[in-house]
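Step one of this worksheet: look at the structure below.
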Number of protein chains: 2
Amino acid sequence: MAGRPVDHRRRAELLDAAVDYAAEHGFSDLSWRPIAAALGVSTTTLVHHFGTKEQMLVAILGRLRERIFVLTSDRAAGQPTLAAAARAAWEWSSDPQRWPEFKLFFAVYGSALQAPHLFAGFLDRVVADWMSLLRDAQGPDDDPAAPTLVIATIRGLLLDLLATGDRDRVGNAAEAFFAGLEHK
Amino acid sequence: MAGRPVDHRRRAELLDAAVDYAAEHGFSDLSWRPIAAALGVSTTTLVHHFGTKEQMLVAILGRLRERIFVLTSDRAAGQPTLAAAARAAWEWSSDPQRWPEFKLFFAVYGSALQAPHLFAGFLDRVVADWMSLLRDAQGPDDDPAAPTLVIATIRGLLLDLLATGDRDRVGNAAEAFFAGLEHK
DNA sequence: GAATTCGTAGTACGATCGTTCTAGAAAGTC
DNA sequence: GACTTTCTAGAACGATCGTACTACGAATTC
């Protein structure tokens, strides 16, 4: 009865490569053939592993969100205060090495806002994940305004940084924000 | 020598209709034929007024940025303090009636981050326009950190609001931010 | 009214799109 | 080795894409 077993590792490998490709070549114009060519496989292989193109987009965006969240939460989780967690998250996120990934993140975010039916899973978790992470660092004060503000500010500053590349101005603004968080 | 004069009003009319169409149907999958059908014209007419599809995208995003900036600056300009200007900008921007326009704004923003060569004009002005607006309200204190933070926070809060629709939580966070701005 | 330019539409071309079909090699169980 | 399922590739399909070409009414100058 059994036959060849499903190779989950292979799918994960292709998915990560697809995320890298999307970060480099953009998210809005993805199509089977160029991705397949870049990954050194046939389009049939991608179709076999991901189904339809829509399903592949959902898989890419899900993996991207997971990658960013896991890496950021490694740095932000376990911090003693909300301000410390915010500072840790910012310092990791604002590294120019992360820029392609975050440009892709905001491209996906924007697309999701205009196609909520397709990207419902992304929109559901894109704020909630971070809220629960930050509220762990927040301590007994359970006012959701503070973590909401931290998420919004970090993302807004990233949008500025990615658009202008002005690390000095944006970095100073971030520092002012964290300082205000601590003296409250 | 002269012939029929160029009808600039006609182009502006079509462009505004195209922006409305993009706000309703999404930015990433725009193509001549569906837009033309929705606007009740032929694709040839659109090509005639806008040139190539890339040029039409640039025109759409330019007009969108202009529309949002003009309308917001009507409310924010002339405010006595930075906090007042920020509050005015937020109160106008967060109105659910504006959501489709801002979803399009962030979709364009995300696409621009991944195609900076195409959307350089957008990226150049998307922060600079607001900086100059807010620094007028800022008064003698010319530290760019404060207006940078205002822009980032408002945009980050909008991202949250548009993704979650949670007006209470995001509204409270906005209020906390403005209160902090005033007592500084 | 002749000449010229603009606005609009219809048609057609080649390219690319997502997807399906067919087929064979690979990796398991019995 | 027989059997079954997965993985991969190639070819082909119909649809849609951006764009160029042709043509004609509208608006203006001379």
Side-chain angles (χ1 to χ4, degrees), chain A residues 1-19 21-22 24-63 107-108 111-112 114-115 117-119, chain B residues 1-22 24-63 107-108 111 114-115 117-119:
Chain A
M1 265 214 225
R4 181 174 177 172
V6 177
D7 189 347
H8 296 98
R9 241 183 288 170
R10 178 58 171 153
R11 184 186 191 274
E13 185 181 305
L14 290 171
L15 180 53
D16 266 314
V19 172
Y21 180 89
E24 192 177 353
H25 294 85
F27 176 73
S28 47
D29 287 334
L30 291 184
S31 57
W32 290 125
R33 288 172 181 84
I35 303 180
L39 269 54
V41 298
S42 71
T43 68
T44 320
T45 296
L46 296 181
V47 173
H48 175 257
H49 284 284
F50 297 107
T52 67
K53 190 195 165 184
E54 280 197 357
Q55 290 173 325
M56 185 189 63
L57 291 183
V58 171
I60 287 178
L61 109 214
R63 177 62 180 136
V108 167
S111 296
Q114 290 208 305
H117 59 287
L118 229 179
F119 301 142
Chain B
M1 262 219 220
R4 180 173 176 173
V6 177
D7 189 349
H8 297 97
R9 242 183 286 171
R10 178 58 171 155
R11 184 184 190 273
E13 185 182 304
L14 289 171
L15 180 53
D16 266 314
V19 172
D20 292 339
Y21 179 89
E24 192 177 352
H25 294 84
F27 177 73
S28 46
D29 286 335
L30 291 184
S31 58
W32 290 124
R33 288 173 180 81
I35 303 180
L39 269 56
V41 298
S42 71
T43 70
T44 318
T45 295
L46 296 180
V47 173
H48 175 257
H49 284 284
F50 297 107
T52 68
K53 189 193 166 185
E54 280 197 357
Q55 291 173 324
M56 185 188 62
L57 292 183
V58 171
I60 286 178
L61 108 214
R63 177 63 181 136
V108 167
S111 296
Q114 290 208 306
H117 58 289
L118 229 179
F119 302 142

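Predicted model, so just to flag it, every value in this text is computed and none were measured. Order of the sequence lines sets the chain letters (A, B, ...), proteins ahead of strands, with each chain counted from 1. Computed from heavy atoms alone, side chains included, the values below leave out hydrogens, waters and symmetry copies.
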Can you tell me how far apart [atom1] ([X]) and [atom2] ([Y]) are? Round to the nearest 0.5 Å.
X        : Y         : atom1 : atom2 : answer
Thr45(A) : Trp32(A)  : OG1   : CH2   : 10.5 Å
Gln55(A) : Leu118(A) : CD    : CG    : 10.0 Å
His8(B)  : Leu15(B)  : NE2   : CG    : 13.0 Å
Met56(B) : Leu61(B)  : CE    : CG    : 11.5 Å

Mind calculating the distance between [atom1] ([X]) and [atom2] ([N]) to the nearest angstrom?
X        : N       : atom1 : atom2 : answer
Ile35(B) : dT19(D) : CD1   : P     : 12 Å
Leu39(B) : dA9(C)  : CG    : P     : 11 Å
Leu30(B) : dT16(D) : CG    : P     : 17 Å
Trp32(A) : dA15(D) : CH2   : P     : 21 Å
His48(A) : dG10(D) : NE2   : C1'   : 16 Å

Tabulate atom names and distances for all N/O pairs under 3.5 angstrom spanning the protein and nucleotides 20-25 of chain D.
unit_1: dG25(D); atom_1: N2; unit_2: Arg4(B); atom_2: NH1; d: 3.2

Quiz item: Just to confirm, is there a sub-4.0 Å distance from OP1 or OP2 of dT8(D) to any side-chain nitrogen or oxygen of Ser42(A)?
Solution: no
Quiz prompt | Short side-chain N/O contact from Thr45(A) to OP1 or OP2 of dC7(D), under 4.0 Å | solution = no
Self-check item: Sorted by number, the residues of residues 5-14 of chain B with heavy-atom contact under 4.0 Å to DNA chain C
Solution: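 Within this stretch, Pro5(B), Val6(B), Asp7(B), Arg10(B) sit under 4.0 Å of the strand.
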Self-check item: Min side-chain heavy-atom separation Tyr21(B)-Leu30(B) under 4.5 Å
Solution: yes
Quiz item: So do Val108(B) and Phe119(B) actually touch side chain to side chain, heavy atoms under 4.5 Å?
Solution: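 The answer is no, as the side chains (C-beta and beyond) never meet within the 4.5 Å cut-off.
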Quiz item: Any idea which heavy atoms bring Ala36(B) and Ser42(B) closest together, and the distance?
Solution: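 Minimum heavy-atom separation between Ala36(B) and Ser42(B): CB-C, 3.7 Å.
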Quiz prompt | For Ala18(A) against Ile60(A), the heavy-atom pair lying closest together | solution =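 That closest heavy-atom pairing would be CB-CD1, 4.0 Å.
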Exercise. Could you point out which residue of Leu14(B), Val41(B), Thr44(B) forms a side-chain contact (heavy atoms from CB on, under 4.5 Å) with His49(B)?
Key: Leu14(B)
Practice problem: Would you sort out whether Leu57(B) and Phe50(B) count as a side chain to side chain contact (heavy atoms under 4.5 Å, CB included), showing the intermediate values? | Solution: CA-CA 9 Å; Leu57(B) 292 183; Phe50(B) 297 107; over 6 Å; no
Self-check item: Under 3.5 Å: donor-acceptor pair, side chain of Gln114(A), backbone of Phe27(B)
Solution: yes
Quiz item: Which residues within residues 49-59 of chain B lie with some heavy atom under 4.0 Å of an atom in DNA chain D?
Solution: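 Result for residues 49-59 of chain B: Thr52(B), Lys53(B), sorted by number.
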